[in-house]
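Here's the structure we're looking at; comments come further down.
Sequence lines set the chain letters: A, B, ... in the order given, protein chains first and strands last, and positions in each chain run from 1.
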Number of protein chains: 2
Amino acid sequence: MSRRSGVLEFAVLGLLRESPMHGYELRKRLNTSLGVFRAFSYGSLYPCLKALVQRGWLVEEPSGQPEEQQPGRAQAASRAQAGSLAGRRAKIVYRLTAEGKEHFEDLLSQTGPDTWEDEHFGVRFAFFGQTSRDVRMRVLEGRRSRLEERLAKMRASLARTRERLDDYTLELQRHGMESVEREVRWLSELIESERNGTERAERQGRETGPDRPAPGPSDNTDT
Amino acid sequence: MSRRSGVLEFAVLGLLRESPMHGYELRKRLNTSLGVFRAFSYGSLYPCLKALVQRGWLVEEPSGQPEEQQPGRAQAASRAQAGSLAGRRAKIVYRLTAEGKEHFEDLLSQTGPDTWEDEHFGVRFAFFGQTSRDVRMRVLEGRRSRLEERLAKMRASLARTRERLDDYTLELQRHGMESVEREVRWLSELIESERNGTERAERQGRETGPDRPAPGPSDNTDT
DNA sequence: GTTAGCATGTAAGGAGTTACATGATTTT
DNA sequence: AAAATCATGTAACTCCTTACATGCTAAC
């Protein structure tokens, strides 16, 4: 029962929305696309898929990689016993149902306080491509003010305890604060560039807007 | 039963080593000193404390803040039923035993592959003040090469999939990689300054922050 | 005299991992 | 023919959180 993950569930629905996939591939995408932030194992993925099927958001489809099978009819005959799920071991492809799609869009439109917490924010951002602009803005701004709160607390506690702490603890705190400050600046840039993007494409319905080309003039892939 | 936390256990022993404390205070220290990285609730802290007592690494000591109690005898009499742990509600102070101290020092000297993983590294670093220099070096270098591995994987996967990803996913990955690169640079500076050891601090040109105290020759336990 | 903060605990459960178990297909 | 990788799954366990339950004490 359960397996009501939240993050994992959201990511699975989001990835399957782009195209049907089987579990193994799904997991790789999960751990690269959304990679730095979370990694999942089969032990959580497969039960989650089953649960999503039971709720009617996914359907399982057996697959023997149809495209590659057409030329190989002679070979296929030799192990034809396997029936319709011939060839390779019943690779189960999961596909999003209409209800699943609707449910995912509901999730996408949520802007509750959870959405900008550490565990959720990364995955929310990863699917910003399918998210409406106003939701994007609320999530980005929510996260920023969450982080600013955190910074304020850190600064206060640092001011109170500075003298009692040894150098390493201090350095750890300093580095932590710097990281948070850096994320705040990043968010501010993103928010700015969302604001400037307002020119064309004023439709903010939940239509999946692929009309949003660049989140800023950020082109930085060096080394 | 269990409650063999690892991180929480380590942090509790480490904090109690500095001075005895009761649970409530301990939790505050846990969530500020080691703050950005982890936060713990009473629901995990108190059972952990009990478990550590059972293993003989801590002892409980009742405390009614003795200094303030002497003048208040008349009032205390009215609720004298509470017996020897009078006054405020039996505040339980936890103190590290000799065995606990020894055990903590064992933990401090460990340099297994776990120690530089995300969950452990922060808390290990927080207690570097009590850690011997060679262990510090191994942990810092271990973490750095762990992160470099991760960077290599990210770069490879990015090169493979760059065209298929939308702008937000790309931006997420870029920011993630930048964060990891930043931590690598931070580690390299720390490693440098550990190497220079006795030399005193030199600081690289780094305009971002105020002054860098540069954890220098802080005294440590040697073997 | 009531809110806010100090202080300690427990039961239930959520979210995920590890280790195991199995077998097919591709590469060397 | 061995090794690597693809592929799917389950059971047991870990670690931690939430929500609850309780009561003291300081301050407004």
Query raised in the report: In whole angstrom, what separates B:L49's CG from D:dC15's P?
Result: 16 Å
Query raised in the report: Among C:dA7, D:dT8, C:dG16, which nucleotide sits nearest the side chain of B:Y24?
Result: C:dA7
Query raised in the report: Sub-3.5 Å donor-acceptor pair from the side chain of A:T161 to the main-chain atoms of A:R164, do we have one?
Result: no
Query - Out of C:dG9, D:dA7, D:dC16, whichever nucleotide has its closest atom nearest the side chain of B:V7 - result: D:dC16
Query raised in the report: More than 12 heavy atoms of other residues, nucleotides or ligands under 6.0 Å from CD of B:Q54: is that the case?
Result: no
Report summary line: Closest of C:dG16, C:dT8, C:dT18 to the A:S41 side chain is C:dT18
**Report entry** N/O (side chain, B:R27) to phosphate O (OP1/OP2, C:dT8) under 4.0 Å
**Finding:** no
Query - A:H22 side-chain proximity, nearest of D:dT8, D:dT10, C:dT8 - result: D:dT8
Requested in this report: Locate the shortest heavy-atom distance separating A:P113 from A:E117; write the atom from each residue and the value.
Outcome: O-CG, 3.9 Å
Query raised in the report: To the nearest Å, how far apart are B:E117 CD and C:dT17 C1'?
Result: 14 Å
**Report entry** Atom pair distance, as rounded to whole Å: OH in A:Y42 and C1' in C:dG16
**Finding:** 16 Å
Query raised in the report: Please give, in whole Å, the distance from D:dT14 C1' to B:F40 CZ?
Result: 13 Å
Report task. Could you state the atom-to-atom distance from CD of B:E61 to P of C:dT8 in whole Å? Result -> 14 Å
Report task. On DNA chain C, check which nucleotide each of B:K28 and B:K50 is closest to and give me the residue with the more 5' one. Result -> B:K28
Report task. Would you mind reading off the distance between A:D114 atom CG and C:dA15 atom P, rounded to a whole angstrom? Result -> 11 Å
Query raised in the report: More than 12 heavy atoms of other residues, nucleotides or ligands under 6.0 Å from CD of B:E102: is that the case?
Result: no
**Report entry** Degree of bending, the helix from C:dG1-D:dC28 to C:dT28-D:dA1 (end axes from five pairs; round to 10°)
**Finding:** 40°
Report summary line: From OH of B:Y46 across to P of D:dC16 the rounded distance in Å is 17 Å
Requested in this report: Answer yes or no for A:R17 and A:F104: cation-pi contact, defined as NZ/CZ to six-membered ring centre under 6.0 Å and angle to ring axis within 45°.
Outcome: no
Query raised in the report: What integer distance in Å separates B:L45:CG from D:dC15:P?
Result: 15 Å
Query raised in the report: Looking at B:Y42, is B:R27 sitting on its ring face, NZ or CZ under 6.0 Å from the six-membered ring centre and within 45 degrees of the normal?
Result: yes
Query raised in the report: Between C:dG9, C:dG16, D:dT8, which nucleotide gets closest to the side-chain atoms of A:S44?
Result: C:dG16
Report task. Could you verify whether a donor N or O on one side chain and an acceptor N or O on the other, from A:E171 and B:W186, lie under 3.5 Å apart? Result -> yes
